[in-house]
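These values consider heavy atoms only, across backbone and side chains, with no hydrogens, waters or symmetry-generated copies.
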Amino acid sequence: MKANSVVIGSAKTHTVRTSAHCDVAVVGAGPYGLSAGVHLKAKGIAVRVFGEPMEFWAHKMPEGMLLRSPRVASSLSDPDRAFTLEAYEATSKREPCAPVPLDTFVEYGRWFRHQLASDLDQRTVLRVDRDQPGFSLTLQDGEQIRSKYVVIAAGIGPFKKKPAVFQNLSPQQAIHCYEGRDVRKFAGKRVAVIGAGQSALESAALLHEANAQVEVIVRESHLRWIGMHSWLHHMGPISSLLYSPHDVGPVGISRLVAYPRLVSYVPLRLRDRIRTRAVRPAGARWLPERLATVNITTGCTVSQASAIGDEVALKLHDGSERRVDHVLLGTGYQVDISRYDFLPPELTQDIRQFDGYPKLAGGFRSSVPGLYFIGATAARSFGPLLYFVAGTDFASRELVSGLSRSGR
Ligand SMILES: Cc1cc2nc3c(=O)[nH]c(=O)nc-3n(C[C@H](O)[C@H](O)[C@H](O)COP(=O)(O)OP(=O)(O)OC[C@H]3O[C@@H](n4cnc5c(N)ncnc54)[C@H](O)[C@@H]3O)c2cc1C
């Protein structure tokens with residue numbers, strides 16, 4: 001083991017120990033990283049997956065949340081499709097539930113990860129550097145690992161959007177939905193929820209049930225709900241022609257997005273239209289009933305937000321005003337790989353991109369040899385399935401064959 005001192009990031013000095021090598025290092029142990037790791041390991045590849053398993057789901061999603069994706073699209077991927085959600089429920093003697101509760105999904109992911117055994121390393125990766133012929137990864141305790149290939153499966157955590165109008169509010173006053181895990185602390189508070197997507201609407205329902213005074217403020221003229229025409233899904237072979245079981249996107253588009261490789265051949269402008277149409281803001285079908293007594297203001301945006309003592313004053317475009325204690329932002333995510341703080345600028349600037357998304361070729365290969373991206377960052381190349389757990393199967397299989405092609 002070698003030891004020397006380096007400066008990482010701004011001014012922190014770590015003692016670096018170069019102690020281990022692997023063929024493939026996977027950054028992130030969410031559904032994508034765990035699935036990819038299991039596939040690579042099964043091929044006999046020396047892989048190490050870094051990160052706390054299911055951290056984003058366990059610590060960032062609101063307590064009491066239900067998965068929007070159907071059960072059939074909520075399994076992680078392993079080569080034999082043996083470690084499914086159903087297999088976990090049978091092993092742990094849990095009653096199968098639909099929709100799937102957050103806790104069940106987190107526990108399922110933690111059960112799934114045991115396939116990786118000691119190839120899972122729970123430490124955070126602080127930095128990824130090129131170190132020809134591969135990469136070196138610096139871990140939270142200063143240890144350095146060398147790897148020929150690096151797969152980034154680090155999710156959407158750093159990409160949350162905070163619209164400019166809310167920038168002046170403190171982090172306690174304007175909270176992104178994915179930071180509002182414990183909704184009980186908002187009991188008795190006035191909360192304005194901004195947004196019309198699943199995160200915003202489900203958070204509003206949970207806040208309301210936790211006795212907060214909630215108002216949802218929505219730019220769109222009306223709210224959209226997914227799965228309201230459930231009869232369309234119960235017409236046997238006709239339904240299979242209209243929708244894929246993953247249920248991402250509307251009739252027809254749903255079938256196309258189930259084939260990410262096919263989507264990757266569609267011209268970018270059309271691919272973008274398919275992607276945005278498939279994931280436009282909408283709430284799950286079990287939410288309208290839970291929101292029946294919640295104030296919902298549609299067709300309105302917030303033009304000004306200012307802190308007045310402990311309160312937040314909101315001015316809306318229709319001229320009306322609101323005074324609340326907190327604003328919960330369900331304003332979505334914008335992929336921008338330069339916001340992964342473990343990727344130094346000298347590396348990201350060499351990655352060919354379209355507006356923050358890496359341009360990926362077959363096998364999820366980026367323009368930097370040996371560097372791969374899976375999950376949401378791959379959605380601009382392979383379509384919207386990559387935003388969801390349902391994309392883990394395609395991503396893992398394609399990644400393994402891509403790495404094999406690259407002559408590992
Ligand atoms: C509120 C909400 C609800 C959602 N509901 C659904 C749903 O019902 N169904 C569905 O399919 N999708 C849903 N999604 C989308 C969901 O985020 C993705 O499907 C899923 O998390 C993708 O998995 P991932 O592994 O790419 O990312 P993540 O689950 O985010 O995992 C990435 C992991 O990487 C880790 N990481 C990041 N940087 C580092 C580092 N430097 N070192 C080590 N580890 C690192 C993070 O801690 C994180 O745990 C939802 C998203 C949100 C925000």
Inset, instruction - Please confirm whether F159 and Y340 have ring centers closer than 6.0 angstrom. - result: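 Yes, the ring centres sit under 6.0 Å apart.
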
Inset, instruction - Run the ring-centre check on F382 versus F373 and record whether the distance is less than 6.0 Å. - result: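 F382 vs F373: aromatic centres not under 6.0 Å.
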
Legend entry - No-hydrogen, no-angle side-chain donor-acceptor test under 3.5 Å, H208 and T293: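 Side-chain D/A pair, H208 to T293: present.
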
Counting distance only, does the side-chain N/O of [X] pair as donor-acceptor with the main-chain N or O of [Y] below 3.5 Å?
X	Y	result
Q144	T138	no
S203	S199	yes
E202	M65	no
S367	D350	yes
S92	Y88	yes
K161	Q334	no
S401	E398	yes
S35	Y32	no
S244	R255	no
D131	G134	no

Out of curiosity, [X] [atom1] to [Y] [atom2], how far, rounded to the nearest 0.5 Å?
X	Y	atom1	atom2	answer
E220	R224	CD	CZ	6.0 Å
R113	L34	CZ	CG	8.5 Å
Y149	L399	OH	CG	11.0 Å
S381	R275	OG	CZ	10.0 Å
H326	L169	NE2	CG	11.5 Å
I253	R277	CD1	CZ	6.0 Å

Closest heavy-atom contact between [X] and [Y]?
X	Y	answer
P260	L385	CG-CD2, 3.9 Å
L66	P99	CD1-CG, 3.7 Å
Y387	A376	CD2-CB, 3.7 Å
A87	A82	CB-O, 3.2 Å
G28	V49	O-CG1, 3.5 Å
C300	I217	O-CG2, 3.7 Å

Legend entry - Cation-aromatic face contact R380/F354, 6.0 Å, 45 degrees: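 Pair R380/F354 counts as cation-pi.
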
So does [X] have more than 12 non-hydrogen atoms from other groups sitting under 6.0 Å from [atom1]?
X	atom1	result
E289	CD	no
R130	CZ	yes
Y259	OH	no
D310	CG	no

Charged N to carboxylate O under 4.0 angstrom, [X] versus [Y]?
X	Y	result
R190	E215	no
R184	E63	yes
R71	E89	yes
D272	R269	no
R127	E346	yes

Inset, instruction - Decide yes or no for Y372 and I152: does some side-chain heavy atom of the first lie under 4.5 Å from some side-chain heavy atom of the second? - result: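 Result no, sub-4.5 Å side-chain heavy-atom pair not found.
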
Legend entry - Verdict with reasoning, R94 to Y108, per side chain to side chain donor-acceptor pair (under 3.5 Å): CA-CA 11 Å; R94 271 181 190 255; Y108 162 54; over 6 Å; no

Inset, instruction - Evaluate the side-chain contact (heavy atoms from CB on, under 4.5 Å) criterion for residues F135 and L371: first the C-alpha distance (whole Å), next the side-chain angles of each, then the deciding distance (0.1 Å), finally the verdict. - result: CA-CA 9 Å; F135 298 86; L371 188 63; 4.0 Å; yes

Legend entry - D119/R48 under salt bridge (Lys or Arg N to Asp or Glu O under 4.0 Å): CA gap, chis, key distance, verdict: CA-CA 5 Å; D119 297 321; R48 249 165 125 175; over 6 Å; no

Legend entry - Residue pair S69, S74: steps toward the side chain to side chain donor-acceptor pair (under 3.5 Å) verdict: CA-CA 6 Å; S69 49; S74 302; 2.9 Å; yes

Inset, instruction - Take S366 and R352 through the test side chain to side chain donor-acceptor pair (under 3.5 Å) and record every step on the way to the result. - result: CA-CA 7 Å; S366 77; R352 284 176 53 215; over 6 Å; no

Inset, instruction - Kindly assign one of parallel, tilted or perpendicular to the pair H176 and Y333, based on the angle between their ring planes and the thresholds 30° and 60°. - result: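 Perpendicular, since the angle between the ring planes exceeds 60°.
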
Inset, instruction - Test E52 against every option in R110, Q122, H59 by the side-chain hydrogen bond (donor to acceptor under 3.5 Å, both in side chains) rule and name the one that passes. - result: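 Running side-chain hydrogen bond (donor to acceptor under 3.5 Å, both in side chains) over R110, Q122, H59 with E52 returns exactly one hit, H59.
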
Inset, instruction - Kindly indicate, with the supporting measurements, whether the criterion side chain to side chain donor-acceptor pair (under 3.5 Å) is fulfilled by R271 and Y265. - result: CA-CA 9 Å; R271 211 187 316 154; Y265 297 126; over 6 Å; no

Legend entry - Verdict with reasoning, I145 to F50, per side-chain contact (heavy atoms from CB on, under 4.5 Å): CA-CA 11 Å; I145 308 280; F50 293 95; 4.1 Å; yes

